[in-house]
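Structure record follows, encoded as structure tokens.
Convention: sequence-line order gives letters A, B, ...; per-chain numbering from 1. All values below come from the heavy atoms of this structure, side chains included, with hydrogens, waters and symmetry mates left out.
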Protein chains: 2
Amino acid sequence: MIDMHSHFLPMISREEAFSVDAARAPWLAVEPGASQGQIMVGDRPFRPVYQALWDPAFRVAELDQQGVAMQIVCATPIMFGYGWEPARAADWAARMNDHALAFCRAHPQRLKALAQVPLQDLELACAEATRAKAAGCIGVQIGNHLGDKDLDHEQLVDFLIHCAEQAIPVLVHPWDMMGGNRMQKWMLPWLVAMPAETQLGMLSLILSGAMERIPASLKICFAHGGGAFAFLLGRVDNAWKHRDIVRQDCPRLPSEYARRFHVDCAVFDPGALRLLVDVMGDDRVMLGSDYPFPLGEQRIGALVREAAFLDAAQQRRILQGNAASFFGLPAATPLLQESTP
Amino acid sequence: MIDMHSHFLPMISREEAFSVDAARAPWLAVEPGASQGQIMVGDRPFRPVYQALWDPAFRVAELDQQGVAMQIVCATPIMFGYGWEPARAADWAARMNDHALAFCRAHPQRLKALAQVPLQDLELACAEATRAKAAGCIGVQIGNHLGDKDLDHEQLVDFLIHCAEQAIPVLVHPWDMMGGNRMQKWMLPWLVAMPAETQLGMLSLILSGAMERIPASLKICFAHGGGAFAFLLGRVDNAWKHRDIVRQDCPRLPSEYARRFHVDCAVFDPGALRLLVDVMGDDRVMLGSDYPFPLGEQRIGALVREAAFLDAAQQRRILQGNAASFFGLPAATPLLQESTP
């Protein structure tokens, strides 16, 4: 199995974070030798986490138990730093990407990294994506928006075009979730707003006509099964057919663009997975667990392995083959062997 | 067929609207005798509409063509008036409800009305719900939130308890959509934010524990197939299982509450409908078209009638029986006959 959606956060100290942005840079509060800790923002606990987040040896031991041959790690979105002035964000992104590569270095056949970029500055973002690729990152992760700029904004479209031209695969992750005051409890921003953010990102690319300008070679994947996209695509098609302002910038039926996108399979329900595979295609869904967070798939790949409606070839594609193809991983290396838990 | 989700807007004049709230009260701009018009808010066009919205005779002729035996009409959400001071909103709601009853009066076997209420004031809202029921409305429609108050807010829970105690069925409709500046084009508020609003309403009732206080007798239906709820329920269950702050106020697995809710079937895709029926149960999904708007089902009931995965008994339940039961309509009256287009 190749798990293409997992997060890390390096052992950033309070001092290091405060030297960048005392209010917004994340750091890790972990007692020496402890296996549990907290992601902190300023002096506020953000999320309880455990050793797999920062310790690659611990992580690989868990991957062994889970039967995961390779895992692709990327930043925890709170590390993005899109709100900072560009030079500071570029410096931070490069530092985080070096951390990510160091995280993977001890287990080069088991761990691969996606880079983060200073998305608020097109030139710096493109430069860091290219530099990180040369340094060993196998793709980039970006947030689904930048303040009021959604993925249809020229700056973000141009970044995606850069990635297409440089053959850099892109994972789009929801972050900075809409809803504000109305979602203060029960992780509602993760349960309601993240799937809406993801759908908004996909529809922004489709309905704006941006997908007509972006090269078909772009490899772009949306996290969490594309959020609410697959289930609501019928509503979007219906609106496109019957309301002029929906189709004004989009020449094709929205569902025709679904095959330009990949998604992970982190949907946690067999019926949802079946719909997702039907809508996106069994060549466009990839194992992604959201490990090592509590909202991730705790038995990585179990939903796919236990899906009776998928035949063995489809399961192999979703668990491994699609990600190998998406990220251009050599299909013959031992790391792509099937492992069993 | 009984279509339980459709909208009307009475022939409110500019003068009448401006006397209530020049900036926010809706009115209809229709040339005398014209079949097309605009919903206006202030002097801004809000939405192009056609005669079925305001003319019951025209509507019933369309229902004949569509084979719809009975249609339940409710306010277009822009009529809610939740932002006004309570007495003004109560007066407006009573006036709109009288319009709704007048709209149905010429075709009492074909058209039934849901009331609107001044939700910003619990006492007035309960009083209007009770008055409207006595006057002939067969239920109420409410928006899914009131500013920052979602459905878990004590005031809204108490209103729902009133409806349970008085046997008043409730349709919850998304409105006043989140997302703000980021959804200015392509009807994104209707495509992204409405389904998120609906899911937020359902999860606010579940995760807050409010469903433990609300009598099981409450009949409550969420529009547009419950928005993103059914597809994302697996994500919510997974979060509840693995993250303490998700389950802190909710004693049962979130999916256990799904059977306390009804939804309409306005999802526009066979795969989405199948998932919806699997998650909610074939006794909890009801025909609802969102007529007469372009984002509604243009051939009312076609998605259900053409769903090969539903047997004839299931189709009958969804097209008719469930709504008859939900609204307490006498099952033996001619209006419940099957019609064919």
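- Counting heavy atoms of neighbouring residues, nucleotides and ligands inside a 6.0 Å radius, atom CD of A/E256 exceeds 12 of them.
- Contacts between B/M202 and chain A at a heavy-atom distance below 4.5 Å are absent for every atom of the residue.
- Counting heavy-atom pairs closer than 4.5 Å to chain A, the top residue among B/A239, B/A228, B/A193, B/S204 is B/A239.
- Shortest non-hydrogen contact noted between B/N238 and A/P294 is ND2-O, 3.8 Å.
- Between chain B and the residues A/G179, A/A196, A/S208, the largest count of heavy-atom pairs under 4.5 Å involves A/S208.
- Chain B forms more heavy-atom pairs under 4.5 Å with one residue of A/D237, A/D249, A/L233 than with any other, namely A/D249.
- Of the two parts of B/L191, the backbone and the side chain both hold a non-hydrogen atom closer than 4.5 Å to a non-hydrogen atom of chain A.
- From B/R235, atom CZ reaches atom CH2 of A/W190 across 10.0 Å, with rounding to the nearest 0.5 Å.
- Residues B/D269 and A/F231 have side chains not in contact (no heavy-atom distance under 4.5 Å, counting atoms from C-beta outward).
- Of the listed residues A/M183, A/E297, A/R274, A/M187, the one with more heavy-atom pairs under 4.5 angstrom with chain B than any other is A/R274.
- With a threshold of 4.5 angstrom between heavy atoms, A/D152 approaches chain B through side-chain atoms but not through N, CA, C or O.
- Per-residue counts of heavy-atom pairs under 4.5 Å with chain A were compared for B/D244, B/D150, B/V267, B/L303; the largest is that of B/D150.
- In this structure, chain A has a heavy atom under 4.5 Å from the side chain of B/D278, while its backbone stays farther away.
- For a residue to count as touching a neighbouring chain, one of its non-hydrogen atoms must lie under 4.5 Å from one of that chain's; by this rule A/L275 touches chain B with the side chain only.
- Within the 4.5 angstrom heavy-atom criterion, no atom of A/M177 approaches chain B.
- The contact between B/L232 and chain A is made entirely by side chain atoms (from C-beta outward), counting heavy-atom distances below 4.5 Å.
- Shown here for B/V192 and A/Q199, the closest heavy-atom pair between the two residues is CA-OE1, 3.4 Å.
- Put simply, of A/P195, A/G271, A/G225, the one with the most heavy-atom pairs under 4.5 Å next to chain B is A/P195.
- Put simply, of B/I245, B/L188, B/L207, the one with the most heavy-atom pairs under 4.5 Å next to chain A is B/L207.
- Considering only heavy-atom pairs separated by less than 4.5 Å from chain A, the leading option among B/V279, B/V246, B/L203 is B/V246.
- Using modelled atom types, no side-chain atom of B/Q248 and backbone atom of A/K185 make a donor-acceptor pair closer than 3.5 Å.
- Within the 4.5 angstrom heavy-atom criterion, no atom of B/S255 approaches chain A.
- Your options are A/R243, A/R247, A/M178, and the one with the most heavy-atom pairs under 4.5 Å with chain B is A/R243.
- No more than 12 heavy atoms of other residues, nucleotides or ligands sit less than 6.0 Å from atom CD of B/E154.
- Comparing B/K149, B/K241, B/E197 by how many heavy-atom pairs each has under 4.5 Å with chain A, the most go to B/E197.
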